[in-house]
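The structure appears below as structure tokens.
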Amino acid sequence: MVGTKMASPIPVVVFSEECMKPGTTSWEKASKVIVQAFEDHGGFIVDHPNAPLDLHDSVFSVTEDLFDLSHETKIKNTNLKPSHGYIGKVPGTPLLEGMNIDGAEKLEECEKFTSLMWPSGNDHFCKTVHDYAKFMVEIEKVVFRMLCESYGVEKCYDPYIESCTYLLRFLKYKKPADNISANSVAHTDKSFLSYLHQNNIKGLEVRTKDGEWFTLEPSASTFMVMAGDACVAWSNGRIKPCYHRVAVREESQVRYSLGIFSYVLGMIETPEEFIDEAHPQQYKPFNHIDFLCYYDSSNDPIKAQSLIKSYCGVRAN
Ligand SMILES: O=C(O)CCC(=O)C(=O)O
Ligand SMILES: [Fe+2]
């Protein structure tokens, strides 16, 4: 069976057990759909029938506990990297609040975060968020392996996985009131790949290759996988950045979402396999975190639409 559903404009790939095993027919078929979806829309939807539903329920339940903490506690979530700590009262989106665990794939980072938020301990929170991050990292390994195999750059797989770190972001969009919006500006992510999961309130909208905004239906077993600016540069522009926004239209509802963002610690370089006469090199090697800092300090009014070209693009003569 082909593990894909094509009714949605953004392809939905069913990550069955077989599909996640390299070398199987389902793996090959899913790889083709995924690569095409990245090249067309900058991403695709995973439907994971075997995703542990109790993990989904518990991670959203502990997310609510986290946002219920006092403001004084939440602002202890600090980080020198931009958008890696507490996010609140952002001009334009005053109803949006975010918290971040940098390196959530590592148990010690989850423990550090937990003890900052709950000095007397909260093992349930720590275990839940760490299990969730580990689960998403396994998905990332499948997705990136499929990309590497499809493009004939298997050599990139190990160095990437070894140098990657994952930011786990918790987001809360408070109930929109009258003329105050809970919505985010349309943007591309600065990550390499991003994984977005929403609770039962929809809001995430993705721009398709035809320029239409597509609203994702929330469900416990599905999430959106998106290419960030770093992946676009790595692939020499073969992969498109996923342009997306959040529009919470259901009044009187609070929306929670979770994002996992992969970041490379170090340099990102376009493999030579992506470069030839028809596809001259478009991006110079760049440091991923330096790019994030450049983005953060930029005053470019259209920076949300991607600054990777102005950061490390090769200029045409
Ligand atoms: O809340 C969402 O679904 C999307 C969040 C997002 O786009 C981001 O944090 O970059
Ligand atoms: Fe985003």
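Order of listing sets the numbers, starting from 1, for every ligand and every atom in it. Just so we're clear, the structure is a prediction, and the values are computed from it rather than from any experiment.
Centroid-to-centroid, the aromatic rings of F223 and H56 stay 6.0 Å apart or farther. Proximity of the aromatic rings of H71 and Y86 is defined here by a centroid distance below 6.0 angstrom, and this criterion is met. Two rings, from W234 and F144, have their centers less than 6.0 Å apart. Taking the six-membered ring for Trp, F135 and H48 have ring centres closer than 6.0 Å. Taking the six-membered ring wherever Trp is involved, the centroid distance between the rings of F192 and Y160 falls below 6.0 Å.
Within the 4.0 Å heavy-atom shell around ligand 1 one finds R255. Residue contacts with ligand 1 include R169, since one or more of its heavy atoms lies under 4.0 Å from the ligand. Residue contact annotation: R245 has no non-hydrogen atom under 4.0 Å from ligand 1.
Atom CZ in R255 sits 7.5 Å away from atom CG in L171 (nearest 0.5 Å).
Close approach to F261 involves these atoms of ligand 1, each under 4.0 Å from a residue heavy atom: 8 (C), 9 (O), 10 (O). Near V246, meaning under 4.0 Å from any of its heavy atoms, are these atoms of ligand 1: 1 (O), 2 (C), 3 (O), 4 (C). The H244 neighbourhood of ligand 1 comprises atoms 7 (O), with distances under 4.0 Å to a heavy atom of that residue. Atoms of ligand 1 lying under 4.0 Å from at least one heavy atom of Y173, given by number and element, are 1 (O), 2 (C), 4 (C), 5 (C). The distance from ligand 1 to the heavy atoms of L171 drops below 4.0 Å at these ligand atoms: 1 (O), 5 (C), 9 (O).
Looking at Y294 and S310, their side chains come closer than 4.5 Å, going by heavy atoms from C-beta outward.
Among all non-hydrogen protein atoms, the one lying nearest atom 6 (C) of ligand 1 is H187 NE2, 3.9 Å.
An N or O contact shorter than 3.5 Å links D189 to ligand 1 by distance.
In this structure, OD1 of D189 and NE2 of H244 enclose an angle of 90° at the Fe ion (ligand 2), rounded to 10°.
A 6.0 Å sphere centred on NZ of K202 holds no more than 12 heavy atoms belonging to other residues, nucleotides or ligands.
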